[in-house]
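The block underneath contains the structure these notes are about, expressed in structure tokens.
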Amino acid sequence: MWRRPWLKAVALLTPPLAAFLVVYVGSLGVLFISSLWTSNSFTSSIEHTWTFANYRTIFSTSGPYLHIAGFTLKMAAAVTLTCAVLAFPLAFFMARVAGKRTRALLFVMVLLPLWSSYLVRLYAWQTILAHKGAINWALNGLGLPDQNLAYTNTAMWIVYTYVWLPFMVLPIYSALERIPDSYLEASADLGARGWRTFRSVILPLALPGIVAGSIFTFALTLGDYITPLLVGGPNSLMIGNYVYENFSTNLPFAAALAVIPMAIMGVYLLIARRLGAFEAV
Amino acid sequence: MRRIRKRNVFAAVVVAAVATAFAVTAATVRAGSGPPTKIGKGEGRLNVIEWAAYTDPSFAKKFENQTGCIIHRKDAGSSQEMFALMHANGGGGGGQYDLVSASGDASLRLIYAHDVQPINIHLIPSWKQFLPIFKSPPHNTVNGVHYGVSVQWGPNTLIYNTKKVKPAPKNWSVIYSKKYAGHITIPNNPIQIADAALYLEKTKPSLGIKDPYELTQSQLTATVNLLKRQKANLKRFWSYPADEDTSFRNGDVWLGAGWPYQTLQLKANHVPVKEIVPRPTTGWADTWMLASKAPHPNCAYKWMKYVTTPQVEAKQALVFGETPVNPKACPYMNKIKKGSCAGYHLNEPASYYKTIKFWKTPIPQCGWTKKQSCMDYAAWVQAWAQVTG
């Protein structure tokens with residue numbers, strides 16, 4: 001066997017590849033195929049006739065689904081942007097300024113929330129944002145009036161930014177860490193000041209990290225359905241909630257709805273590739 | 001997305017496992033056609049899909065000791081979830097579940113999807129004692145065939161914070177007005193359309209609404225428009241009973257539509273709330289239904305027989321905060337908690353029950369007219385998306 005290294009590679013790769021093709025790609029295929037079927041509205045059983053009816057319902061301008069998809073997209077974009085703006089300075093400090101100990105401490109602090117359940121953190125936010133919660137308590141302490149943050153789209157935006165932030169910090173950190181000091185020195189030798197070096201050297205080299213992080217935050221927001229239920233308001237339901245709602249009674253329609261975030265992600269990944277997110281720095 | 005994929009894989013595994021494990025049992029049990037004529041020996045196990053506390057150990061322990069049927073519970077958070085669990089893995093409870101405590105908005109769906117099977121109601125002696133409207137209600141009996149036994153019911157109530165909502169509300173109009181805008185909550189459930197339809201039946205007679213669960217296209221559209229206007233005044237939709245509880249407790253919500261269960265929870269937590277049952281109102285009634293692929297039918301029948309007896313009905317009612325279907329439970333309720341029989345309206349005259357419109361799954365046939373067709377549940381789900389989206 002050691003004489004034929006390719007045999008070893010085949011033996012090693014076949015199980016994961018088969019699992020990937022069957023379980024992962026296969027089920028996506030099934031998802032797409034079932035979105036072209038319909039469901040008997042009486043018995044909820046699937047009727048295997050080919051039709052684009054589900055997609056027509058989703059894309060009809062008089063229906064609610066375009067608006068829902070638009071809202072989901074906007075929320076994902078806002079969360080991604082906020083995460084990037086917040087994560088960059090933190091990652092920069094961790095990668096290039098902080099000493100070993102501070103860096104380790106910051107790492108623990110960034111990752112600490114991930115050790116607790118996502119649901120626990122959502123319920124914690126529910127009480128923080130509530131009318132009688134910590135935020136209003138602090139505001140009143142400063143002599144400021146109550147804010148009606150609980151169960152609003154703003155609340156959702158805050159909570160998403162909080163829960164996905166680590167997924168943005170880590171890729172940016174690793175991109176920034178890999179920038180050789182000599183590049184910065186060369187930039188300084190050539191007469192560039194701090195801002196110029198940042199704009200022309202650091203930012204372009206960190207961009208793949210930012211894009212990689214944004215893939216996480218964007219995709220995670222796009223597919224979520226728990227946060228809208230627990231911290232969202234009357235206008236906060238997203239695509240995931242309607243997938244869940246239709247899942248039991250109208251599986252093909254739920255499948256068609258689930259294809260939308262996948263299509264959005266596909267386009268997003270194509271753009272990300274253009275920006276060089278998949279190339280090593 | 002993730003959920004479906006998971007379920008598909010899970011389904012394949014479970015189907016394979018379950019098929020081999022239960023094929024033999026199922027075949028012997030379902031050998032005869034039609035419901036059984038007597039209850040056989042218990043199978044030692046009972047798998048239920050239930051509302052939390054519907055097989056509460058405080059009354060189920062005795063059953064387990066008496067019959068040897070050990071109960072295994074799967075709590076559902078919503079009617080959607082209940083239907084999905086029953087319909088998964090090939091339907092009929094997937095050969096895994098025996099009973100489901102379905103509410104009226106899911107029960108007809110389960111019947112038409114063949115997930116539940118007809119039962120022999122005469123094997124449940126307490127059935128003869130039931131309030132007449134719960135003997136063969138349209139949400140669990142089709143063409144005289146019983147698909148389960150009624151168990152408990154309750155009205156949909158208007159809950160309000162007594163410190164914030166003054167004067168005390170008298171009817172449902174307060175949740176459709178602007179007076180408490182930003183402090184109202186209603187359930188996130190397509191069946192909530194019926195509440196708005198019932199309100200329009202009174203306030204807009206020109207729409208000709210005869211039954212809030214049997215709406216024509218134009219009636220449904222008018223109802224959706226009312227709900228869209230109402231949405232501007234809402235703080236949130238609640239999806240799980242605990243969500244409504246939390247928003248009342250945190251002071252974000254002052255009034256909303258809910259169940260006696262939540263009022264009890266809130267009062268236990270010293271939140272200043274009261275509830276009223278404006279009439280007419282909508283209400284729910286739950287049915288223990290027998291899964292069509294039930295692996296332990298004898299234990300299931302034993303449970304249906306046990307849970308409808310007056311003593312157990314009384315206990316369950318007070319554990320959960322609901323009303324028995326068996327009026328003989330009245331003295332037992334009063335024995336556990338003084339005045340609770342009247343408190344839960346079990347001693348009302350027949351006219352009272354006529355003012356509660358019990359949940360039933362919307363179907364295309366209108367009961368009140370042959371000339372038009374009504375909007376079915378799928379249309380209600382789409383209409384509800386227009387409200388919430």
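Predicted model only: the values in this text are computed from it and were never measured. Proteins come first, then strands; the chains are lettered A, B, ... in the order of their sequence lines, and each starts at number 1.
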Look at [options] and state which one has the largest set of heavy-atom pairs under 4.5 Å with chain A.
{"options": "B:S78, B:P190, B:S239, B:G91", "answer": "B:S239"}
{"options": "B:W238, B:Y112, B:Y377, B:W384", "answer": "B:Y112"}
{"options": "B:N250, B:D115, B:L234", "answer": "B:N250"}
{"options": "B:H114, B:Q382, B:H87", "answer": "B:Q382"}

Do any of residues 47-66 of chain A have a heavy atom less than 4.5 Å from a heavy atom of chain B, and if so, which, in residue order?
-> A:T57, A:S62, A:G63, A:P64, A:Y65
Straight-line distance of [X] [atom1] to [Y] [atom2], nearest 0.5 Å:
{"X": "B:Y147", "Y": "B:M289", "atom1": "OH", "atom2": "CE", "value": "9.0 Å"}
{"X": "A:I215", "Y": "A:T80", "atom1": "CD1", "atom2": "OG1", "value": "10.5 Å"}
{"X": "A:L114", "Y": "A:L170", "atom1": "CG", "atom2": "CG", "value": "8.0 Å"}
{"X": "B:N161", "Y": "B:R249", "atom1": "CG", "atom2": "CZ", "value": "13.5 Å"}
{"X": "A:Y118", "Y": "A:T227", "atom1": "OH", "atom2": "OG1", "value": "3.0 Å"}
{"X": "A:W125", "Y": "A:T127", "atom1": "CH2", "atom2": "OG1", "value": "10.0 Å"}

Working for side chain to side chain contact (heavy atoms under 4.5 Å, CB included), residues A:Q126 and A:Y151 | CA-CA 8 Å; A:Q126 237 185 17; A:Y151 313 119; 4.0 Å; yes
Engaged part of [X] at the chain B interface, taking heavy atoms whose separation is under 4.5 Å:
{"X": "A:Y123", "value": "side chain"}
{"X": "A:Y242", "value": "side chain"}
{"X": "A:L229", "value": "both"}

Do B:T361 and B:D105 have side-chain atoms, one donor and one acceptor, less than 3.5 Å apart?
->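 Absent: no donor and acceptor within the cut-off.
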Proximity breakdown for B:D376 and chain A, heavy-atom pairs closer than 4.5 Å = side chain
Checking heavy atoms, do the side chain of B:S247, its backbone, both or neither come under 4.5 Å from chain A?
-> both
Less than 4.5 Å apart, any side-chain heavy atom of B:Q265 and any of B:F248?
-> no
Leading residue by heavy atom contact count with chain B [cutoff under 4.5 Å; candidates A:N246, A:N235, A:T152, A:I239] =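 Highest number of heavy-atom pairs under 4.5 Å: A:N235.
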For chain B, the option from A:L257, A:N250, A:L230 that forms the most heavy-atom pairs under 4.5 Å = A:L230
From A:T82, A:D224, A:T221, A:T217, residue fulfilling side-chain hydrogen bond (donor to acceptor under 3.5 Å, both in side chains) relative to A:Y160 |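 Going through A:T82, A:D224, A:T221, A:T217 one by one, the side-chain hydrogen bond (donor to acceptor under 3.5 Å, both in side chains) with A:Y160 is satisfied by A:D224 alone.
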Parallel, tilted or perpendicular: which fits the ring planes of A:F167 and A:W164, with parallel below 30° and perpendicular above 60°?
->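 Perpendicular.
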